Student: 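The structure that follows is given in the form of structure tokens.
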Amino acid sequence: MKAALVDFHCHLDLFPDLASAISAAETAGIYTLTVTTTPRAWPRNYDLTRKTKYIRAALGLHPQLVAERSAEIKLWEEYLPHARYVGEVGIDAGPQYYRSVDLQKEIFATILRKCAETGGKVLTVHSVRAATAVLDLIESHLPRHRGQVVLHWFTGSKSEARRAADLGCYFSVNAAMMRNERGCGLVAALPSDRLLTETDAPFTRADNRSTSPSDVKATVEALAALRRETPENMAHMISSNLRAVLGDAGAPLDD
Ligand SMILES: [Zn+2]
């Protein structure tokens with residue numbers, strides 16, 4: 001049996017047409033987690049994906065939007081009982097967002113605490129220039145048995161990656177992470193049983209166009225080459241890691 005592909009972090013609601021982006025991923029049979037950047041966007045994403053076999057929607061409050069939208073944490077909390085997947089959430093300490101970093105930390109801590117309270121959530125987490133801060137908050141607020149964290153586009157150091165793995169985190173890897181030497185070194189060092197794939201579509205590019213979930217195929221191939229595996233083995237590994245993240249032996253994205 002051929003293993004199904006996995007795109008564990010993309011933004012289908014930023015495609016020109018959400019419904020057709022969902023149906024393209026569904027037809028291709030790619031297990032896809034589509035994230036939202038504000039809780040206001042979640043109900044429509046949830047409605048359009050809940051009956052699909054392969055696509056699920058995550059309830060997010062993007063760290064880059066926290067400066068203007070921190071008040072939407074109330075709405076995020078209101079929807080949380082209905083959401084199994086949470087994201088995009090986290091911290092961005094890059095130069096453009098650095099000013100709101102304290103507020104971002106506060107919001108992220110609240111999100112982690114609420115997820116710990118309800119239990120059983122799967123989070124896709126942004127940590128640009130903030131790996132240590134993100135890991136500190138996860139360690140303090142989300143005990144390992146109360147939720148599952150997947151670090152999206154992780155660019156921390158190898159020792160931060162080891163710490164993340166020790167805390168139980170997974171890593172969703174995209175093709176852009178393997179386009180420079182430092183990134184390749186980091187991706188090569190991640191533990192095999194913690195790897196997932198993602199595109200972050202439409203924000204990444206392949207062949208001079210913006211990406212879509214089907215571009216994870218090339219990511220699996222690049223990952224396989226980097227780690228000296230066959231693409232088939234790599235795809236199997238990723239799909240069994242997905243099952244482990246979701247903690248059930250049934251259909252990978254059932255909720
Ligand atoms: Zn994203």
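Everything numeric here is computed off the predicted structure, so don't read it as measured data. Whatever order the structure lists them in is the order used to number ligands and atoms, beginning at 1.
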Student: Any N/O/S of His62 under 2.8 Å from the Zn ion (ligand 1)?
Tutor: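 Given the 2.8 Å cut-off, His62 does not count as a ligand of the Zn ion (ligand 1).
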
Student: Measure from the Zn ion (ligand 1) to every N/O/S atom of Asp200 and report the name of the nearest one.
Tutor: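 The closest N, O or S atom of Asp200 to the Zn ion (ligand 1) is OD1.
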
Student: What N/O/S atom of Glu88 gets nearest to the Zn ion (ligand 1)?
Tutor: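 Looking at Glu88, the N, O or S atom with the least distance to the Zn ion (ligand 1) is OE1.
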
Student: Counting backbone and side chain alike, does His152 bring an N/O/S atom below 2.8 Å of the Zn ion (ligand 1)?
Tutor: no

Student: Evaluate the side-chain contact (heavy atoms from CB on, under 4.5 Å) criterion for residues Leu75 and Arg40: first the C-alpha distance (whole Å), next the side-chain angles of each, then the deciding distance (0.1 Å), finally the verdict.
Tutor: CA-CA 7 Å; Leu75 191 59; Arg40 281 185 202 286; 3.7 Å; yes

Student: Are Thr204 and Thr211 linked by a side-chain donor-acceptor pair shorter than 3.5 Å?
Tutor: yes

Student: Measure from the side-chain N and O atoms of Arg113 to the backbone N and O of Phe108, and report whether any donor-acceptor pair falls under 3.5 Å.
Tutor: no

Student: Are the ring centres of Phe203 and His11 closer than 6.0 Å?
Tutor: yes

